[in-house]
Undergrad: 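The structure follows.
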Amino acid sequence: QDTQEKETITPERTEEAKLKAKYPNLGQKPGGSDFLMKRLQKGQKYFDSGDYNMAKAKMKNKQLPSAGPDKNLVTGDHIPTPQDLPQRKSSLVTSKLAG
Amino acid sequence: FLGAGGGNDIQWCFSQVKGAVDDDVAEADIISTVEFNHSGELLATGDKGGRVVIFQQEQENKTQPHSRGEYNVYSTFQSHEPEFDYLKSLEIEEKINKIRWLPQKNAAQFLLSTNDKTIKLWKISERDKRPEGYNLKEEDGRYRDPTTVTTLRVPVFRPMDLMVEASPRRIFANAHTYHINSISINSDYETYLSADDLRINLWHLEITDRSFNIVDIKPANMEELTEVITAAEFHPNSCNTFVYSSSKGTIRLCDMRASALCDRHSKLFEEPEDPSNRSFFSEIISSISDVKFSHSGRYMMTRDYLSVKIWDLNMENRPVETYQVHEYLRSKLCSLYENDCIFDKFECCWNGSDIVMTGSYNNFFRMFDRNTKRDITLEASRENNKPRTVLKPRKVCASGKRKKDEISVDSLDFNKKILHTAWHPKENIIAVATTNNLYIFQDKMN
């Protein structure tokens, strides 16, 4: 029997190997529910008023730790405050397409 | 018909470009949707800042009978504003995801514009005369002292400079838990659908406090979620038929006469996959980013990351045609995954039923002629802006020795994406949106 097999590695598989080499912990199924859940939650910023008020009560006399330079990273001890949330104001400027 | 030379070929020429010249693009200026109205006279754009700009085609110039009218600003307004849902801790972007025009019924124009959560019906109307000669009011609006009125006159309408006003006539809110990706007006011109990641709702244009859910693919247990809805559109002629596409590369056609909740499709369009070719990227690149019916309604076109597919509604098991948009990217998927470009959502559009157009990177856009099987790559760039000069076709060199005038894959600018394009419903005029500029191209008229 001729056991010589021609294995053509598709460009996609080559790219996959590259990716797995860089990120060994990458899950098998990219389309899994975790991935899709992340997509569904796009734009979520966590502001829990319960946490906020309790933190305020605990630290009556101290200042709440405020967000560091990277305001988007809200983790650990930091309790987000309304001030930390990016101010979303509508653009009062006319579109440059109309300029 | 495409290609260089030949009697019937379209020769595309630069016509106009709108937007700022500078490279420093403000987020709000990123164009997020482009749409001609049914006559082609109006062209609407939406941006990330929630603004809509409408251009109107000028009447043809009598001194230049062979040049088509230019598009100039007709109206601009703030359609949506940013919101923060404190209850769900959700930032609601003002970005306009889609604009769809209603067919014109009277002097005013109507369009639907939507962000992630709320759809609005806008009325755009013209005012070119105003009443003058009131008895009790001065011309500036101040009230006159009635005792000074000695004679009476009848107020009359006098012409004034044209004013175009946009006003929100209906607000369709609170019907979507997830992010709206599509809106589509039914051919009955009374209803429309809105689709988010997991559900599709049917609305009546006159009724804002009620919406019927017609598709719901949310699993009872979210851990079992395997696919999301990516686009939806009503059939152009059958008012009971619509399609929706998924992140797994399937399209489902549903008939609203079959049941109130169209969870069971009437047709499922899916191309069988070769299991030996499957990779980590397969599902991601098969996700359909846009679905559009041909004007006849006989065919539909889908856009996935690397290709455009034409489906015959009568054949579910495979597309009738597949066109490669930028196949050379298949060997770059690793880096495209790392920089998130693999998730870019390209749209596509038809001219009638013969030619399809879609965007790519490096401000390139592609057209495929279904009849001649020819395709062309063009570039939207300010360097090509001599009116009536035919655009030069572009070519990407995938590997090997790069010829003069070709560009190598590694030199492509992946930040210059053309996601949104539109084709005039009646003429060979196209609108192509780069990140923050709108290009208008026309065919060279002889």
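For the numbers below, each heavy atom of this structure counts, side chains included, while hydrogens, waters and symmetry mates do not. Each chain gets a letter, A, B and so on, in the order its sequence line appears, and its residues count up from 1.
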Undergrad: Report which part of B:Phe77 has an atom under 4.5 Å of a heavy atom belonging to chain A: side chain, backbone, both, or neither.
TA: neither

Undergrad: Check B:Val53 against A:Ala98 and note the closest heavy-atom contact, atom names and distance.
TA: CG1-CB, 4.1 Å

Undergrad: Would a 4.5 Å heavy-atom cut-off, applied to side chains only, mark B:Glu338 and A:Leu19 as touching?
TA: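 Yes, side chains in contact.
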
Undergrad: So which part of B:Ile54 gets closer than 4.5 Å to some heavy atom of chain A, the side chain, the backbone, both or neither?
TA: neither

Undergrad: With a 4.5 angstrom heavy-atom cut-off, could you sort out which part of B:Leu336 is near chain A: side chain, backbone, both or neither?
TA: neither

Undergrad: Given the options B:Ser335, B:Ala26, B:Ser276, which has more heavy-atom pairs under 4.5 Å with chain A than any of the others?
TA: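 Counting heavy-atom pairs under 4.5 Å, the top option is B:Ser276.
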
Undergrad: When heavy-atom pairs shorter than 4.5 Å are enumerated against chain A, which of B:Asp197, B:Asp196, B:Asn436 gives the highest number?
TA: B:Asp197

Undergrad: Give, for atom OG of A:Ser95 and atom NZ of B:Lys48, the distance between the pair rounded to the nearest 0.5 Å.
TA: 14.5 Å

Undergrad: Look at the side chain of B:Arg51 and the backbone N and O of A:Val93, then say whether any donor-acceptor pair between them is shorter than 3.5 Å.
TA: yes

Undergrad: Under a 3.5 Å cutoff, is there a donor and acceptor pairing between the side chains of A:Glu12 and B:Ser279?
TA: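 Judged by distance alone, the side chains do pair up.
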
Undergrad: Just so I know, are the side chains of A:Leu97 and B:Asp47 near enough to count as touching, which here means a heavy-atom distance under 4.5 Å?
TA: no

Undergrad: Please determine whether the number of non-hydrogen atoms from other residues, nucleotides or ligands lying under 6.0 Å from atom CG of B:Asn339 exceeds 12.
TA: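 Enclosed: over 12 neighbouring heavy atoms sit under 6.0 Å from CG of B:Asn339.
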
Undergrad: Is B:Phe343 in contact with chain A via its backbone, its side chain, both, or neither, using a 4.5 Å heavy-atom distance?
TA: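 Answer is side chain: those atoms of B:Phe343 sit under 4.5 Å from chain A.
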
Undergrad: Side chain of A:Arg13, backbone of B:Arg278: donor and acceptor closer than 3.5 Å?
TA: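 Checking the backbone N and O of B:Arg278 against the side chain of A:Arg13, a donor-acceptor pair under 3.5 Å is found.
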
Undergrad: Does CD in B:Glu165 sit with more than 12 non-hydrogen atoms of other residues, nucleotides or ligands closer than 6.0 Å?
TA: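 Result for CD/B:Glu165: enclosed.
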
Undergrad: For A:Glu15 and B:Leu333, indicate whether the former's side chain and the latter's backbone hold a donor-acceptor pair under 3.5 Å.
TA: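 The answer is yes, because a donor-acceptor pair under 3.5 Å joins these two groups.
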
Undergrad: Please look at B:Ser331 and chain A and tell me whether the side chain, the backbone, both or neither of the residue comes under 4.5 angstrom of a heavy atom of that chain.
TA: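 Looking at B:Ser331, backbone and side chain both touch chain A.
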
Undergrad: Against chain A, label B:Asn277 side chain, backbone, both or neither, depending on which of its atoms sit under 4.5 Å from a heavy atom there.
TA: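 Both the backbone and the side chain of B:Asn277 come within 4.5 Å of chain A.
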
